[in-house]
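To keep things clear, I will list the structure first and then write my remarks on it.
As the structure is a prediction and not an experimental result, all values here were calculated from the model. Positions are given from 1, in the same order as the sequence printed here. Read the numbers this way: they start at 1 and go in the same order the structure lists the ligands and their atoms.
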Amino acid sequence: MVTNTKLIHHHYSPPKGFKAPQEPTYQASTVIFPSVSAMRSTEWKNKSGYTYGLHGTPTTFTLEERLASIEGALHCQLVPSGLAAIALVNLSLLRSGDEVLLPSNAYGPSTALAQGELARYGITHKVYDPMSLNDLAQKISPQTRLVWLEAPGSVTMEFPDLLALTELCKERGVTSALDNTWGAGIAFNAFDLNGKGLGVDLTIQALTKYASGGGDVLMGCICTRNPELDNHIKLTHMRLGLGVGAADVQAVLRSLPSMALRYKAQDASARFLANALTSQSVVAQVLHPSLKECPGHEHWQACCASSEPQANEHQGGGYEGRGYEVSDSQGIQGIQGNAASIFSVIFKPEFSQAQVDKFCDSLQYFKIGYSWGGPMSLVVPYDLDTIRPPQHSQHTTLLARGRLVRLCIGLEDSADLLDDLKRSIQTAFH
Ligand SMILES: *Cc1c(COP(=O)(O)O)cnc(C)c1O
């Protein structure tokens, strides 16, 4: 055997039986078959075999199965980003002449996709007020094929009556899809909202946020309990070639065991800071669903804040993390229910954009950047008038006027973060 060949076809294989805490990472475009007949008969769609890197490896299947069980689903597919998950759901389920409904507080790029590519393909969209069941009821038409849900809405954090909206979609025979990045499969079970199996038809998640947890990986997933929907999405996934890199999947698999602990620690820290900011004189409103002043607080309570640990038994199949109690160094005892580590603050209208920008620039630990769920706290100022045009929904009337800043709480000590916020308030507004 000549060296070149020997380098590729070596006789050595390591002994079997190696076990370690992390599963090995399989990297592949090419998958090798033992025979032509095996090649012809191998099926990847039901995950009984491997045919090509794009169609799955032991590594991608492992992450998909773990995510499906966290999410309370039966099927999961990975895609290269959260936005790719939104796009794939739309492209799998919609055709020319169909209509899709989006909440007025949807993740911005989801609306941009509807206005761009979906419109070009002859798919229309309407924007509904997620805080009004009536508005959604009126906007569902015979052309409506898909309703997107988000709980809470992006940036303005209104928590909708998810159960009622989902029930309405079921009654009207329209597929419901939840962007569950905030809940992450931890705050509530999207596939069983009432403890009797009533839930959304599918969820997407930006794994970029909590599942990755590092601020260093882009990935998304689509989960469902419905095998037909899964199959539709799988075929479009294959035809569009939406593969994910093995190293990225491995990074998420490595972060996954700590996800629930991170989520709860960041939740406790975010609630401590949201509470503390309500008493700052420069603040008009803090938008965190656990606060009474946040629109939809009562829906958050119903969805995410079951307090009795045994409620899971009565409700059947609820996520076991419900009702988790956390105490931290600031003395928060037993915060109830679950929430992600993201909230917004509206400063009183007398403060200028320049002052709000100065507040953001003065922060030392909060860095200026998009995304959330990572170790580092982040801040972004948003223009409320641009992101929530009042003509789009009535729920904007529930929000205080003034300039808005969104805060994402990382894993730093919450006392240090509070000092940072207070110091920047002093620098920018006083
Ligand atoms: C970040 C995010 C997305 C998009 O995820 P990417 O991986 O950045 O594409 C979608 N929805 C929500 C709610 C998000 O926060």
R120 meets the side-chain hydrogen bond (donor to acceptor under 3.5 Å, both in side chains) criterion, sequence neighbours left out, with E117

Within 4.0 Å of some non-hydrogen atom of W372, the atoms of ligand 1 are 15 (O)

Per-atom filter on ligand 1: closer than 4.0 angstrom to a heavy atom of L83 are 4 (C), 5 (O), 6 (P), 9 (O)

Closest to atom 2 (C) of ligand 1 among protein heavy atoms sits K209 NZ, 2.5 Å

For atom 11 (N) of ligand 1, the closest protein heavy atom turns out to be D179 OD2, 2.6 Å

of all protein heavy atoms, closest to atom 3 (C) of ligand 1 is Y107 CZ, 3.4 Å

If you count every heavy atom of other residues, nucleotides or ligands that lies below 6.0 Å from K422 atom NZ, does the total exceed 12? no

Fill in: Y26 atom OH, neighbour heavy-atom count above 12 within 6.0 Å
no

Those residues at least two apart in sequence (or on a different chain) that pass side-chain contact (heavy atoms from CB on, under 4.5 Å) with E43 are K45, N46, S48

Check whether any side-chain heavy atom of Y370 lies under 4.5 Å from a side-chain heavy atom of L378, and answer yes or no. no

When distances are taken from atom 5 (O) of ligand 1, the protein heavy atom at minimum range is A206 CB, 3.2 Å

A student checking ligand 1 against G82 at a 4.0 Å heavy-atom cut-off should list atoms 4 (C), 5 (O), 6 (P), 7 (O), 9 (O)

- prompt: CZ of R254: more than 12 outside heavy atoms within 6.0 angstrom?
  reply: no

Per side-chain contact (heavy atoms from CB on, under 4.5 Å), V379 is matched among L363, D361, V345 by L363

(Q) Please check whether T208 reaches ligand 1 - meaning an N/O of the residue sits under 3.5 Å from an N/O of the ligand, judged on distance alone. (A) yes

Inset, instruction - Please say whether I204 places an N or O atom under 3.5 Å from an N or O atom belonging to ligand 1. - result: no

